[in-house]
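Hydrogens, waters and symmetry mates are skipped; everything else that's a heavy atom, side chains included, is used.
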Amino acid sequence: MRTAILGPAQRAESLASMAERELDVLVVGGGVVGAGTALDAATRGLSTGLVEARDWASGTSSRSSKLIHGGLRYLEMLDFALVREALKERGLLLERLAPHLVRPVPFLYPLQHKGWERLYAGSGVALYDAMSMARGHGRGLPLHRHLSRRHALRVAPCLKKEALVGALQYYDAQMDDARFVATLVRTAAAYGAKVANRARVTGFLREGERVVGARVRDVEGGGEYEVRAQQVVNATGVWTDDTQAMVGERGQFHVRASKGIHLVVPKDRIHSTTGLILRTEKSVLFVIPWGRHWIVGTTDTDWDLDKAHPAASSADIDYLLEHVNSVLAVPLTRDDVEGVYAGLRPLLAGESDATSKLSREHTVAHPVPGLVVVAGGKYTTYRVMAKDAVDEAVHGLDLRVADCVTEDTPLVGAEGYRALWNARARIAARTGLHTVRVEHLLHRYGSMAEEVLELIASDPSLGEPLQAADDYLRAEIVYAASHEGARHLDDVLTRRTRISIETFDRGTRSAREAAELMAPVLGWDEDRIEREVEHYEKRVEAERESQRQPDDLTADAARLGAPDIVPL
């Protein structure tokens, strides 16, 4: 299918187009649920707009554990419906919707008690596999297996011998969460949705009680737009209550924010061929393979401070290190940590005081005519949330609307991906790139990797890796600005790539090279390059300072020392 280009010209055209004529649906919020909602609406033939105040996935949707999973621990809570739904979505993503972005990942669950624990945990994992197979979408993953202690230590030599008496190994899936959202947005745009990031909703348009659109400010260009729509969908995650307040009506539910932090450490610091899942007193702890790194997470604590930039404190980092080191033969130290990131989960409030027990299920409401609110849920079930939100919006439209088709609509890059994967050695020979580089591009872009390769063909210097982050090619930086909607250096180093968490310098050594590559695409002069680099360096220093603070309050204050960049 034709892929949409999200460059500066397309963004300007989208904003102008949204203001010209009434839309069927305007979606507010460019995280995974908002992007999924825009795709659902567009593929039903509805005229659709999508606006995001900052960058695509800049909130929760770029700061997750990067797992597509059924939620094994929800079986223990007897939440079978949520697990069944999530396992179906996991299968669809792996096999049909996004095989280029979502791939299997093994996990080892160490057993600490003989006899009963193997029976108890084993029956749970067996049920997990059975529920997956019953949905008809589990055949792409190996079944779980029981391991003796000796076998488990061969698979994961990093573990202390005394930390386990045996183990279970099972499979889930993972993806790059920010890249997934960017691909969702491009897919929605390819089906006709008008999309614009850095476009902030400052208020809603009303006619009597009815919401008939939104006032949108172009954060980049400074213009103000009135975007009219028959139905507006509020998909703003942890900002749901704030967005709802603009309507002047009390919401039918509230969303609480729960903070989860993750550490990124180099691959050689943990000697294992599999991920790990460990029980803690509050939740579970994952050690997740991530390219040449591991992701260790997560925490689960209430957060009522700045939502845009949740901060990881020194106490958070110590908590993760203490718990993972309880099973590692060679403990991790602060010096092993390359990156730290914190995200906020949107949880439906009211069920319990403990955030780890709040519902991961979602809800949809129509609080006033013309406005639909969707909130809660988990990343894996974004498509179901989007379907439910559009189904609700359709009730307020004066036309016949087709049923949801996203279950059968692959994301851009999926079509032809497997054929290109099979031909990766031939592509490497044709382009002069190493086969590993071609595999890297296919995993990130699927069949759209051909567009990146075209940039290299026109300028061979773009086929070179970044000097201080050699996992990424220079062409990927250009492509992020020209095709993927990146507007700032921070967008590229933090979300289009993950350089900000995958290097010990947090991306500061790559900042100038990346900014100079973006400059011709975005029309930056030398002064703008300097400001982008300076802002990024200040952001990194503020994050480092926050991670030295003892608690949330002081960490939040330190992180807010670096303001968001606003173009002059």
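Every residue was checked against the side-chain hydrogen bond (donor to acceptor under 3.5 Å, both in side chains) condition with Arg149, not counting sequence neighbours, and none meets it. Shown here are the ring pair (Phe, Tyr, Trp, His ring centres under 6.0 Å) partners of Tyr109, two or more places apart in sequence or in another chain: there are none. By the side-chain hydrogen bond (donor to acceptor under 3.5 Å, both in side chains) test, Gln467 pairs with no residue at all, sequence neighbours left out. Partners of Asp459 by side-chain hydrogen bond (donor to acceptor under 3.5 Å, both in side chains), not counting sequence neighbours, listed by chain and number: Ser461. In this structure Ala308 satisfies the side chain to side chain contact (heavy atoms under 4.5 Å, CB included) test together with Arg54, Trp239, Asp306, sequence neighbours excluded. Listed by chain and number, the residues in a side chain to side chain contact (heavy atoms under 4.5 Å, CB included) with His144 are Val125, Ala126, Asp129, His146, Tyr170 (sequence neighbours excluded). Every residue two or more places apart in sequence or in another chain that forms a side-chain hydrogen bond (donor to acceptor under 3.5 Å, both in side chains) with Glu502 is listed here: Trp290, Tyr472. Among residues two or more places apart in sequence or in another chain, the ring pair (Phe, Tyr, Trp, His ring centres under 6.0 Å) test is passed with His535 by none. Residues satisfying the side chain to side chain contact (heavy atoms under 4.5 Å, CB included) test with Ala173, not counting sequence neighbours, are Ile68, Arg90, Leu94, Val102. Among residues two or more places apart in sequence or in another chain, the side chain to side chain contact (heavy atoms under 4.5 Å, CB included) test is passed with Ala178 by Ala57, Ser62, Asp176, Arg495, Arg498.
For the salt bridge (charged side-chain N to carboxylate O under 4.0 Å, His left out) condition, the pairs that include at least one residue of residues 440-449, sequence neighbours left out, are Arg444-Glu476. Residue pairs meeting the salt bridge (charged side-chain N to carboxylate O under 4.0 Å, His left out) criterion with at least one partner in residues 266-275, sequence neighbours excluded, are Arg269-Asp336.
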